[in-house]
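Contents: one structure, followed by commentary.
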Amino acid sequence: MKDKIPVAQPDIGKEELDNITSAVQSGWVSSKGPFIQQFENNFSSYIGSNYGVSSSNGTTALHLALAALGIGKGDKVLVPTLDFISVANVVTYVGAQPVFVDSNPDYWCIDPTKLTIDKQTKAIIAVHLYGHPCDMDKILSIAKEHNLLVIEDCAEAHGAEYKGRKVGNFGVISCFSFYGNKIITTGEGGMCLTDNEELAQRIRILRDHGMNPHKRYWHDVIGFNYRMTNLQAALGVAQVRKIDLQIEKKRKIAGEYNNILKDISGVTLPPEMSWAKNVYWLYSILIEGFSRDKLIDYLEKSGIESRPFFYPSHLMPPHRIDLSLPVAERLSSIGLNLPSGPMISKDQIKEISEHIQKFMTI
Ligand SMILES: Cc1ncc(COP(=O)(O)O)c(C=O)c1O
């Protein structure tokens, strides 16, 4: 039987294996060891940030960011409702309240014209969704006016650019995920980037049980064990070397899909605003006039994996509120992520697109 075409898969080669073998052989298998600092340095300088503090995953990176900024009980944090759930969850981890915001219909990220701000609002998490950047100028200008902290969530947008500058350079802290389906991976893994030395140090301390860096086993604050391991970082060091190549592949995959799907009525192609470089983390389209869910089943039966867009967070049981955020709700019900892993071939893209074409004409 033919293997299914997966939505995503990691591209792991000899250099990754060599690094992991060397980490295992060195005995540094936990969260001490040379690959960690190397990965932090290499990734932060790739993005253009002064400090990189790695963590066990992208969710813990976001949690560390909020904790380091002192966001907590009584505070509100603006988040896009159309997003992976961990963003809303981390706000509640620190005791703050997520305030859900609708999406921009053109590029699907948080809509800066729909922010509800009051005296309790302390921060905004700008999530660069599915590889497309947020409108950072608008977000930064509103944040300045209302004295809000801006945190970027770049989990899905390694190397994406806003007006020629990589995302991860706009917020006071930016957070990344290196989960297996991300543009580069460490298996599980995350990182906070910042240009602020004091914040970087606070994140490092919180990541390591709140331990005083100059006095072992003395804990000044309550922290967490959110450290990355040397094994994860060994993988990361090899992956950072390939990051530009992976982004090029993602953009090529998107171009090949676009060429075929552009002529199918009922399919909206992924956005790329004039000010944006989309890295197409997952190639994402909208399906109108046909059932997106029936298309998912149809593709599944043809051996093609696909994914519906995220559900809006404000509709999930733990966060549910009686609020209508129509753009996000609509995008969520018609959005579809297609296979876009780095190993996908041109023939497979053609096959997938032809299946979509066939479905739309049944
Ligand atoms: C936008 C966004 N933020 C945060 C995360 C959380 O990252 P992780 O899965 O590494 O905890 C994800 C998920 O992968 C994500 O897509």
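Numbering of ligands and ligand atoms starts at 1, following listing order. Everything quoted here is computed from the prediction, not taken from an experiment.
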Could you check Asp111 against Ser103 for side chain to side chain contact (heavy atoms under 4.5 Å, CB included), going step by step and ending with a plain yes or no?
-> CA-CA 5 Å; Asp111 188 336; Ser103 312; 5.8 Å; no
NZ-NZ distance between Lys242 and Lys249, expressed to the nearest 0.5 angstrom =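 Answer for the NZ-NZ pair, Lys242 versus Lys249, is 7.0 Å.
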Check Met211 against Tyr217 and note the closest heavy-atom contact, atom names and distance.
->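 Shortest heavy-atom separation between Met211 and Tyr217 comes out as SD-N, 3.0 Å.
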Which one holds for Asp83 and ligand 1: side chain close, backbone close, both close, or neither close, with close meaning a heavy atom under 4.0 Å?
->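 Side chain only.
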Location of contacts on Thr59 toward ligand 1, heavy atoms closer than 4.0 Å =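 Both parts.
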With a 3.5 Å cut-off and no angle check, do the side chains of Ser30 and Arg227 form a donor-acceptor pair?
->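 Short answer, no.
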Glu188 versus Ser56, side-chain donor and acceptor atoms under 3.5 Å |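 The criterion, which ignores hydrogens and geometry beyond distance, is not satisfied for Glu188 and Ser56.
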Taking only Lys NZ, Arg NE, NH1 and NH2, and the carboxylate oxygens of Asp or Glu, determine whether Arg251 and Glu272 approach each other closer than 4.0 Å.
->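 Salt bridge flag = yes for Glu272 with Arg251.
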Starting from [atom], find the nearest protein heavy-atom neighbour and note its residue, name and distance.
| atom | value |
| --- | --- |
| atom 4 (C) of ligand 1 | Ser86 OG, 3.3 Å |
| atom 12 (C) of ligand 1 | Phe84 CD2, 3.4 Å |
| atom 16 (O) of ligand 1 | Glu156 OE2, 2.5 Å |

Could you check which of Ala155, Ser56, Ala61, Ser177 puts a non-hydrogen atom nearest to atom 9 (O) of ligand 1?
->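 The nearest heavy atom belongs to Ser177.
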Of all the atoms in ligand 1, which lie at a distance below 4.0 Å from a heavy atom belonging to Val127?
->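 Selected atoms, number and element: 1 (C).
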Is the closest N or O pair between Asp153 and ligand 1 shorter than 3.5 Å?
->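 Yes, there is a polar N/O contact under 3.5 Å.
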N/O of Glu188 under 3.5 Å from N/O of ligand 1, yes or no?
->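 No, no N or O pair falls under 3.5 Å.
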Would you please test Asn89 and His63 for side-chain hydrogen bond (donor to acceptor under 3.5 Å, both in side chains) and show each step?
-> CA-CA 9 Å; Asn89 285 352; His63 187 189; over 6 Å; no
Close approach of Gly190 to ligand 1, heavy atoms, under 4.0 angstrom |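 For ligand 1, residue contact (heavy atoms, under 4.0 Å) with Gly190 is absent.
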Return yes when Lys182 approaches ligand 1 closer than 4.0 angstrom through a heavy atom, no otherwise.
->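 Flag set, Lys182 near ligand 1.
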May I ask you to check if Lys166 and Tyr46 form a cation-pi contact, with NZ or CZ under 6.0 angstrom from the six-membered ring centre and within 45° of the axis?
->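 Lys166 over Tyr46 ring: yes.
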